[in-house]
Amino acid sequence: MVQSCFNEEYRPQFHFTPQNNWMNDPNGLVYHDGVYHIFYQYNPNGNTWGYMSWGHAISTDLVHWQHLQIALECEVDSNGNVIEMFFSGSAVVDVNNTSGFAVSIGKDGTGKDVFSQPMVAIYTSCYPTAHTTSNGQVIRQGQQSQSIAFSNDNGLTWIKYNGNPIIPSPPAEYADQYKQFRDPFVFWHTPSLKWIMVASLAIKQILLIYSSNNLKDWTLESQFGPHNARFGEWECPSLFPLYLDDNTAAEKWVILIGINPGGVIVGSGTQSIIGSFDGKSFVADPSDVYDPAELPFGSTVFQDFESTSSTFEELGWTATGDFAGTGPQKGSIVNAGKVQGYLGNGIMTTCLFGNGGTGTIMSPKFIIRKDYISFLIAGGYYPYNPATAGTSEDNQVSINLVVEGEIVHSQTGTNTESLVWRSWNVAGWVGQEAYLAINDFNTGQSAHLHIDEIVFSDCPKDEANWNDFGPDYYAAATYNGLPTSERTVIGWMNNWAYANNIPTSTWRSAMSIPRTLALKTINNKIRLVQQPVSSLSTLYTSTLYSHNFSSLECGETKVSVPAPFNSSMKVALKFTRGGGTKFGVILCSNETNTQKTVIGYDFLGQNIFVDRFKSGNSSFVESERNTFPGYFIATMPTKPTDVIEINILLDWSSVEVFGGQGQVALTSQIFPLEHSATQVKLFSEGGSTRSVSVSINGIKSVWK
Ligand code: FRU
């Protein structure tokens, strides 16, 4: 197949992209006979979502890819109407021919038939129109059913099973969910000698677990959910074992779940839950399931907004602007009863005049005495942007922690009406006076905030185990056919909040770098850790920059990285806290830093951050509610003497950031506007940073 040039503006050089057109979820990841297959949600007819088909590419190392012909192509009738779309799913190689799909491919020395090992794809058939299939199954308009197809030439050409769909509808108890039943992930479960399928009842946030002997007939075994992040649709589940702390005798199971909307930033997000699986049911570890009604251990309630007959003034708070004279509201009456997830009856809300009201609601001053402040929050995504704060362009709708006149933590809504827990690490300010300022300076769509249950505690209150704390990592799927110690995951590096608008052409969307998964005990908690697949290192150039600073002084230090590697590189940072408050690297910047993507560690807030407020083009989101700009954090507590590690992959239009041992990751698209915005600078803010070691390698293109 003809390769396109792969040097268009923003084209990733070492991430997987289709040659052209729209792509979303990775599908059918399977390793067989030395070949990694990637199938993916693909529109053969354009570069926005539609006509969903399965694209296909192969690799022998997970970094160099060969594009192949479309595997499963959307079916259209003679009038151009779509009959069947191929939604997300998985693939297996049926080595024992349980399905009977194998064919003879020759004779062995004794004259016996030699059979193929069929590759079987298990996917969701999405049927836009009502019809009757050729095998007589009655399909309703909008139905989503599970189907299979097989290939006896290693995935090149496919035959749809004539008994499709194999699971036409959800079980009777969920019969009304027939339009929201999708994304089967299938694997071979050796202990029970069965195929296992996990599929999602998306708007119920329930995963159904089925088993089968032959990939055609399936028995419902159990269901799982809702748990943790659950205000949104659950999509693209994956279930697999991993070893804990490299101990092959300590196997645990992990479920990955995509949620959209309701992700950690806005729109799409990916969460994981650790537990056990016995061939029938997945049981979550109790420590991995977060009860939203339970306050963090040993917490002190600062304000629960239960006094709905009081004004904020009477509670010792101050309300200004349109909120002057108002007070907590009954959650049930706010925003036409759409609000969920609050505790008790009362909440604080700026949704008092539709989205119209503006002003500030401020807490009384308090002394920070515990390491965390946690609260429930919902509302529109309008982040606090330091560059516009205090100007007429300040349109934030956010809750802020103010210490010595400075906003040191800020949280906006995630564009939902359901309150979820967020926690700030405030260890860096213990003993200092602070207050909370809830600013609503916006009258746009959903421009309001709901807050409840503000507590001080020694530990954070989690909503979920987020797999990635950036905005652009979704529909993560893992490879079948690899040993447990090589479990590899690929995510779609995009977000439904703006995916159809990102400024790339003629392709749209990239996959994350394949990541190897493991379970590690870190600070007494089992964490899912991720690292870029080791074969990525074959693309590294010799070191382009390397330096050790016993102390990096406050300010910026330019680093010279030659083109083209100034937009395609790996940056490895190791450092220890000095007198400064933040340390990191500025990428894709111009001389004056009017453009920049900033990645670093906040010693006081104890988090890794990615700041894409000024990363370049962000005006492609055609909505007053622009969900692209932002400042994203992943809490990673450290001790003052710790050597902190951050590894960054920059690939022109994305950054993937791995913290510590990979226990936190942040993935973010960026669209630098100018070709000249390619400078690299180290920075130390608020003082110096100690024992800084920086090493930069270019990453060679896989397309040249
Ligand atoms: C997730 C998803 C899946 C669905 C597919 C359709 O991104 O919505 O649930 O199968 O995309 O393209």
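Atoms within each ligand, like the ligands themselves, are counted from 1 in listed order.
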Closest approach of any protein heavy atom to atom 8 (O) of ligand 1, naming residue and atom | E235 OE2, 2.9 Å
For R515 and V533, indicate whether the former's side chain and the latter's backbone hold a donor-acceptor pair under 3.5 Å.
-> no
Are E75 and K160 ion-paired here, with the side-chain N under 4.0 Å from a carboxylate O?
-> yes
Tell me, which protein residue and heavy-atom name are nearest atom 1 (C) of ligand 1, and how many Å apart are they?
-> D25 OD2, 3.0 Å
Region of Y474 that comes within reach of ligand 1 [heavy atoms, distance under 4.0 Å] = side chain
Centroid-centroid distance, H32 to H37, less than 6.0 Å | no
Would you please say whether a donor-acceptor pair under 3.5 Å links the side chains of N24 and W22?
-> yes
How does N24 reach ligand 1, by side chain, by backbone, by both or by neither, if only non-hydrogen atoms under 4.0 Å count?
-> side chain
If you measure from atom 3 (C) of ligand 1 to every heavy atom of D183, N43, N494, which option wins on shortest distance?
-> D183
Could you point out which residue of W507, F620, F671 forms a ring pair (Phe, Tyr, Trp, His ring centres under 6.0 Å) with Y10?
-> F671
Between S653 and Q669: side-chain donor-acceptor atoms closer than 3.5 Å | no
pair F16-I38: side-chain heavy atoms closer than 4.5 Å | yes
Would you mind running through ligand 1 and noting each atom that sits below 4.0 Å from a heavy atom of S88?
-> 5 (C), 10 (O)
So is W492 in contact with ligand 1, going by heavy-atom distances below 4.0 Å?
-> no
Could you find the nearest protein heavy atom to atom 6 (C) of ligand 1 and give me its residue, atom name and distance?
-> Q41 OE1, 3.2 Å
W496: numbered ligand 1 atoms lying under 4.0 Å from its heavy atoms = 1 (C), 7 (O)
